[in-house]
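A short worksheet on the structure shown next.
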Protein chains: 2
Amino acid sequence: MTYTIMDVAKKANVSKATVSRVLNNQGGYSEKTKKKVLEVIQELEYHPSAIARGLTNKRTHTIGVLVPNLTSSLITEFLNEIEAVAHKVGSSVIVCHTESRGIKTMKYLQLLREKRIDGLILAGTMFKKEYYDYIEKMGIPIVLLSTYPVHPVPYVTASDYDAAYTAAKYLIQKGHNKIGMISGNKEEWIAGSHLPRVEGFKDALSDYKISVNENHIVYGSFSYDDGMTGLKHLIKQVPDLTAIFTENDTLGIGVLSAAYHLGIKVPEDISVIGMDNINLCEVVTPPLTSVSLSHSEMAEKAANMMFEMIESKKVAKSCILPHKIVERQSVCSR
Amino acid sequence: MTYTIMDVAKKANVSKATVSRVLNNQGGYSEKTKKKVLEVIQELEYHPSAIARGLTNKRTHTIGVLVPNLTSSLITEFLNEIEAVAHKVGSSVIVCHTESRGIKTMKYLQLLREKRIDGLILAGTMFKKEYYDYIEKMGIPIVLLSTYPVHPVPYVTASDYDAAYTAAKYLIQKGHNKIGMISGNKEEWIAGSHLPRVEGFKDALSDYKISVNENHIVYGSFSYDDGMTGLKHLIKQVPDLTAIFTENDTLGIGVLSAAYHLGIKVPEDISVIGMDNINLCEVVTPPLTSVSLSHSEMAEKAANMMFEMIESKKVAKSCILPHKIVERQSVCSR
DNA sequence: TTGTACGCGTTATCAT
DNA sequence: ATGATAACGCGTACAA
C-alpha cells in the first residue's frame, strides 16, 4: 500500500498544506504539529511522489546522459563521475545509449523531452545540427562532454589537437622519425570532417621537418581489432616504421596484441603511445604509455556545470582541461 | 515554449479528451478530426508530459538498475543489454551506483521509490535482507541478475558453484594437481557467508583426491591489484604451484601482469584460468582461458523478465543459464 | 463521434 | 500557525 499526502494529513488531523510544509521544512507550523506529522509519516511509511511533485514544480531531478556506447572504459568513467555528482545533489541519471546512430539519438531526445528531464549531457558523441536544434527547442540546459562543440553550447573537453601534437612531439624527441598513426574516425574521415587528433599529429611532424603523408595514417573504428589490423597495414605502408601513435588506448592495446602475435617487440622494435590513459594501460604487457586527458575531472566538471546551470538558469562558461603524458614502458628512445 | 494538451485541443477546436484519444490511438473519432489534431500537434510541436501521464497511469516507463560499480566490464555489459531491451519497449533506465555500500543503496531505493519506477533490477550486488524488505514494501517487481538469491525473488544467473567446479576439473584434467585459487570476496569470507565459487573449486579438488586447504586460497577484492598480490601470496604459500583459478577475469589479468613482472611464464610455469570471459581475455598476453557464463544472455533475459512482470503483474520463473570453457592460451597440460 | 467533469498527488496562494 | 482551494497536464468514465 502506498499512501498519499492526504492520508497523512487526515491521520495527523491537519491539512495537506501543513504536511507539505513540514515535508519541505518551510516553517510556519508549531513544533507540536511538526512532531505529530513526522510521526504519522513514519508510521504510514509515507513516501512523497516525485511524479506529482514534478508536475507542479517543473523539476524532475533527473538528467539524461547520451553516450555512444557503454563498453568503452572512457565512457563508463564519464558515467561513473556524472552519477556520483548527480547523486550528491539528489538527482538521478537516465543512461541513453545512442549507438552513435542518429535515429536512436533522436528517439531518445524525444523520450527525454517527454520525461521532462532537467538537463542533458552529451558525452563523446558527434554533435549533429539536428540534435542541437531539437535540444534548443526543449529549452533545457545542455553540456557537451568530450564532444566537439560545433554548435554554441557550453562544453568541457581537452584539446585533442594539442594532446595529439604533444604525443607526436614526444615520440620525435625520443628520436623517432618514421612515425605512423592509427585513427578511429573512419566515417568522419570519409565525410571529410575536421579530425583534431589527426591534425595535431600531422602538424607536429611537419613542424619538426619529418615526412608525413596519408600513407602514415590508417583509419578504422575504435576497437581492438582495428588496432590489430591497423598495425599490419602500417608496417606494410611504412616499412621502416619505429613508432606508432594511436588515437586511443583501445587501439593501442590492439597494436600491442597484434605485435605480440607477429613477433614484433614493443618497444624495442616499435614504440607505441596511446591516448586517454585508461586503467588498462597499466595492466597490459608492456604497460602502455599514454596521453592522459584527465577524463574523470572532465566528467565531474561537466556534471557540476550541468547542475549549476539548472540551478542558476544561466549558461556556464566552457573550459578546456590540460593533458599530460603518462610514461610507461611501450616507448623507448632511438 | 512547451504546450499542453489543452493548447492542442483549443487550436484544433476539439476537447482534450479527443486529443488524448488520437494520441493513444484509441479510436472513436472521425478521420477528419484525427487529421486535424495531428496537424496541430505537428505545428505546435506538442510533446505530451510523461510526468502528468505517470500521475494518472501509475506507470512511469522507467526502471532502476542497481549496480555495485560502473567500471567492471561485466557490469557495463549488463547495463548494455538492459538498456537495449528497455529502449525497445519504450522505457528508460536509471543507473544506481551503490558502490556496494548499504547506506547508498538504501538511499537509492528511497529515491527510486519516490520516483515511482516500474521495476528494479539488482545486478551483481549482495542482496541484503534490508533491501529485500524495503523492495517488498515498494510493491514493484524485482529481478536479480547474477546475484545470489538469498531471498525469494525471481533471478537469472549462472551456477557459480558448477562453473567453478568445471574450471577446477578442467585444470585437473590437464594434469595439474597443485592448484591455487584467488577469490574476490574478502568481506563475505570474513563474514563467513556462502561462497559458491570457492565451494565449487574445493569440491572439485577433493572429488579428484587432490589436496586442498585454506592455504591454497587467497582472498582479496576484485581488482587487478588483488590479482597481482594474490599471485605473490600464492606462490609463497604453495611453492610447487602449477595452476591458478581466479574468481574472475580481472583477477586473472592481474595474475598475468604480476607473472610478467616476476619473470614467471604463463602458461609454461603456471597456468591461469579466469571466469566471466570478458572481452579483455582476448587482448591480454597471453590470451586468457576463461569460463564463460553467457552474461549478455543473462542480462537480456533478466530485462525481458522484468518487463514481462511489469506487464503481467505475475512473478516470473527464475532460471539458471549454462556455462562453458573458452580455451585460449593461458593454460597448458602437465 | 465528441465533450464534461473529476481524479491523480503535490505545491503555492490566499485567507483566516 | 493553519486551512481551503486552485493550479499542474493528462486519462477516463460518463453523458450527450
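Side-chain atoms are counted along with the backbone in the values below, which use heavy atoms only and exclude waters and symmetry mates. Labels below follow one simple rule: chain letters A, B, ... track the order of the sequence lines, proteins then strands, and each chain is numbered from 1.
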Out of dA12(C), dG3(C), dG11(D), which has the shortest distance to the side chain of R53(B)?
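When the side chain of R53(B) is considered, dG11(D) is the closest of dA12(C), dG3(C), dG11(D).
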Under 4.0 angstrom between [X] side-chain N/O and [N] OP1 or OP2:
X      : N       : value
S30(A) : dT2(D)  : yes
N57(A) : dT10(C) : no
T33(B) : dT1(C)  : no
S15(B) : dT4(C)  : no

Heavy-atom donor-acceptor pair, R21(A) side-chain to dG3(D) base, under 3.5 Å:
yes
Side-chain donor/acceptor of K16(B) to base of dG3(C), under 3.5 Å:
no
Ion pair check, [X] and [Y], cut-off under 4.0 Å:
X       : Y       : result
E39(B)  : K32(B)  : no
K129(B) : D133(B) : yes
E43(A)  : K11(A)  : yes

Have a look at [X] and say if it touches a base, only the backbone sugar-phosphate, or nothing, with a 4.0 Å heavy-atom cut-off.
X      : value
V14(A) : sugar-phosphate
Y46(B) : sugar-phosphate
N13(B) : sugar-phosphate

Quickly work out the [X] [atom1] to [N] [atom2] distance and round it to whole Å.
X      : N       : atom1 : atom2 : result
K35(B) : dT1(C)  : NZ    : C1'   : 18 Å
Y29(B) : dT12(D) : OH    : C1'   : 15 Å
K36(B) : dT2(C)  : NZ    : C1'   : 16 Å
D7(A)  : dC8(C)  : CG    : C1'   : 13 Å
M6(B)  : dA5(C)  : CE    : P     : 11 Å
K34(A) : dT2(D)  : NZ    : C1'   : 16 Å
I41(A) : dT10(C) : CD1   : P     : 10 Å
I5(A)  : dT2(D)  : CD1   : C1'   : 14 Å

Closest to the 5' end of DNA chain C, once L55(B) and S20(A) are matched to their nearest nucleotides, is L55(B)
Strictly under 6.0 Å, is that where the ring centroids of H97(B) and Y108(B) end up?
no
Quick check: on DNA chain D, is the nucleotide nearest T2(B) upstream (toward 5') of the one nearest Q26(B), or the reverse? Name the residue that is more 5'.
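Its nearest nucleotide lies further toward 5', so the answer is T2(B).
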Is any side-chain heavy atom of L70(B) less than 4.5 Å from a side-chain heavy atom of L79(B)?
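In short, these two side chains touch, coming nearer than 4.5 Å.
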